[in-house]
Amino acid sequence: MIDQQIPLRGSAARLPVRPRTGRFLVLAAVFVCAACGLVYELELVALASYLIGDSVTQASVVLSVMVFAMGVGSLLAKRLRDRPAVGFGLIEAALALIGGTSAIVLYACFAWFGESRHVLVGFSLAIGILIGAEIPLLMTLIQRVDRQDAGGAVADLFAADYVGALVGGLAFPFLLLPMMGQLTGALFTGTVNAAAGGALVLWVFRRDLTSRSRWLLIVVNGAVIAVLATASVLVDDFERAARRAVYGEDVRVALRTEVQEVVLTGARHGSLDLYLDGRLRVSSRDGHRYHEALVHPAMKGAHRRVLILGGGDGLAAREVLRYPDVESVVVVELDPAVTRLARTDPALAELNAHAFGDPRLTSVTADAFNWLRDTRDRFDVVVADLPDPGITSSTKLYAAEFYGLVARTLEPGGRLVVHAGSPSSRPATFWTVEASVRAGGLWTLPYRVEGRPAGFAAGPDRPAGGAEAHDWGYVLAGGQTVPRLGTDPGAPALRTLGVRQLPEGGGAGERARHHPVLPSTLVHPRYQEEP
């Protein structure tokens with residue numbers, strides 16, 4: 001029975017290559033297909049994190065669904081054991097088409113329908129099933145080429161599979177994304193996948209194919225490659241159309257930096273919105289509320305030297321530089337493209353009052369965490385104008401270790417202020433940030449102001465940033481005592497913001513009374529609900 005299913009070595013004579021060469025080509029195909037499969041997985045995780053947010057959740061959904069689906073695919077592959085060559089060829093063509101177009105379809109669903117979660121699960125399931133069906137068929141093919149013991153065949157296949165996954169995992173962030181971007185990178189990966197699978201079957205195993213099967217594979221693989229190539233040619237037009245659907249018709253600047261996607265919308269003289277990785281960061285309509293509420297409470301007291309972490313848009317610096325007795329301001333921004341845009345774009349430069357042209361300001365391009373670890377400078381005020389704490393990529397900038405570094409840079413009596421998310425819609429995140437500030441050795445005073453959420457961009461029929469306005473939450477902190485909420489007597493006249501102190505806070509000695517203290521995470525709920 002076994003000899004009927006796995007032909008003897010002598011059957012290799014029917015192949016157009018020597019057994020050793022055939023075995024090498026099968027393993028090379030395993031290598032390429034594994035690399036492509038991992039790129040599809042990483043592409044889905046990256047795009048889902050960008051569109052939906054919370055990369056931990058999205059990675060968990062994609063990977064868990066894919067692993068489950070791979071098991072299903074392995075079981076379904078048993079139905080193709082009698083025709084492994086044509087089965088493998090068709091599976092690779094389907095995988096190339098679905099995986100290659102997954103990023104475009106996912107982005108299109110979000111841009112035009114505002115929902116991509118169900119599509120994400122569907123692609124994860126389909127790609128996982130097809131990847132899972134590969135190995136059983138490749139096991140049959142490699143023993144068809146050069147019969148060897150089952151243990152040796154499994155070892156060779158999995159070695160090629162794992163090495164291919166390594167190469168694909170490294171190629172995605174260091175080669176495909178920087179050179180091609182997410183959409184074109186996925187299409188290119190699909191083309192390579194289809195070419196590798198089709199070439200293996202149509203060349204090495206062509207004598208195992210009937211004339212009908214051979215023409216079927218030629219037509220299917222040709223059609224898949226044609227679709228992917230056409231999509232690659234049209235991808236720029238698609239991105240522009242999708243961007244208009246998401247951001248509206250007034251997109252003036254759209255660029256992908258090494259750090260993030262930066263989009264600036266609005267008229268040159270009028271309304272202006274700045275989106276970073278799709279999330280509304282600055283709006284000329286209400287940006288003054290966010291930055292005035294962020295900066296001015298921390299400026300009560302000495303403020304000769306001020307450090308702004310993030311804030312490459314220049315709006316926090318604009319508020320700080322309103323104080324004539326400020327001697328120096330240091331802005332530490334990770335993405336130089338943002339500070340360059342803040343300097344050179346007429347509308348954004350006008351909005352930030354040309355802050356980067358002020359001789360008191362010094363701009364530094366660096367990761368805030370690493371910069372704090374290396375600096376020996378000390379400051380009267382530290383303003384953390386950082387990405388939203390709900391974004392997983394910014395988690396380390398809201399950890400207790402980070403606030404410990406900030407505390408080290410504060411002068412005696414110095415203050416720190418942090419944007420900590422919404423205390424009403426996301427209380428767990430807000431109060432965990434507050435607890436982490438205290439874990440860094442600082443006394444805290446949480447407060448809030450009415451404002452809009454910093455959500456993802458929405459289409460013209462959906463309000464930008466979210467469905468409804470809500471509040472911004474902040475944590476004011478000091479190294480010795482709880483700072484007093486207010487503004488410096490010498491501060492410029494401010495609009496009425498409706499700043500309200502929240503009822504909880506305290507120093508390191510009071511941690512256990514209200515909140516859990518997690519030094520390096522943002523995902524722990526509060527022990528006590530907000531009154």
Side-chain angles (χ1 to χ4, degrees), residues 289-303 306-309 316 319-320 323 379-386 388-389 397-400 402-451 470-489 491 494 496-519 522 526-531:
R289 295 181 59 83
Y290 172 88
H291 290 93
E292 289 180 4
L294 174 71
V295 170
H296 293 292
M299 299 295 283
K300 183 175 178 61
H303 47 246
V306 179
L307 170 64
I308 301 175
L309 302 174
E319 298 303 320
V320 170
Y323 293 79
F379 299 90
D380 299 305
V381 178
V382 176
V383 178
D385 187 14
L386 298 167
D388 190 270
L397 303 180
Y398 291 89
F402 178 76
Y403 298 122
L405 295 175
V406 172
R408 191 181 67 181
T409 67
L410 288 176
E411 293 281 7
R415 285 87 58 207
L416 160 72
V417 65
V418 180
H419 168 237
S422 169
S424 61
S425 64
R426 290 184 297 161
T429 297
F430 178 85
W431 290 110
T432 305
V433 171
E434 192 269 348
S436 297
V437 175
R438 287 186 286 110
L442 299 171
W443 293 75
T444 61
L445 187 154
Y447 65 98
R448 62 181 288 273
V449 64
E450 293 298 323
H470 67 169
D471 57 350
W472 290 306
Y474 307 87
V475 176
L476 182 62
Q480 297 174 338
T481 60
V482 178
R484 296 182 61 188
L485 191 61
T487 57
D488 189 274
L494 302 177
T496 302
L497 296 177
V499 175
R500 182 170 68 85
Q501 179 177 335
L502 293 173
E504 298 192 39
E510 299 178 285
R511 295 172 187 167
R513 187 166 65 89
H514 291 303
H515 312 296
V517 175
L518 296 180
L522 294 178
R526 296 175 56 218
Y527 287 160
Q528 179 176 328
E529 292 300 321
E530 180 185 2

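Numbering starts at 1 and runs along the sequence shown.
Between Thr444 atom OG1 and Tyr403 atom OH the span is 11.0 Å, to the nearest 0.5 Å. Taking CH2 of Trp472 as the start and NE2 of His291 as the end, the distance is 9.0 Å to the nearest 0.5 Å. Interatomic distance, OG1 of Thr409 versus CG of Leu309, reported as 7.5 Å (0.5 Å rounding). Atoms CG and CG, from Leu442 and Leu410 in turn, are 6.5 Å apart once rounded to the nearest 0.5 Å. Summarising the geometry, atom OH belonging to Tyr398 is positioned 13.0 Å from atom OG1 belonging to Thr432; distances are rounded to the nearest 0.5 Å.
Listed here is the closest heavy atom pair of Ala407 and Gly440: CB-O, 4.0 Å. Closest of all the heavy-atom pairs between Ala298 and Val381 is O-CG2, 3.5 Å. The heavy-atom pair separating Ser436 from Ala399 by the smallest distance is CB-C, 4.4 Å. Among all heavy-atom pairs drawn from Ala384 and Leu294, the shortest one is O-CD1, 4.3 Å. Minimum heavy-atom separation, Pro427 to Ser424: CD-O, 3.7 Å. Closest approach of Gly421 and Pro423 over heavy atoms only: O-CD, 3.4 Å.
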_For a side-chain contact (heavy atoms from CB on, under 4.5 Å) check, start with the C-alpha distance between Asp471 and Phe430, then their side-chain angles and the critical distance, and finish with the verdict._
CA-CA 11 Å; Asp471 57 350; Phe430 178 85; over 6 Å; no
*Residues Met299, Val306; criterion side-chain contact (heavy atoms from CB on, under 4.5 Å); working and verdict*: CA-CA 9 Å; Met299 299 295 283; Val306 179; 4.3 Å; yes
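Using a distance-only test at 3.5 Å, with no hydrogens or angles considered, a donor-acceptor pair links the side chain of Arg415 to the main chain of Gly413.
Between Tyr447 and Tyr474, the ring-plane angle classifies as parallel under the 30° and 60° cut-offs.
Counting heavy atoms from C-beta on, the side chains of His419 and Asp388 come closer than 4.5 Å.
Partner of Glu319 under the side-chain contact (heavy atoms from CB on, under 4.5 Å) criterion, chosen from Val383, Asp385, Val295: Val295.
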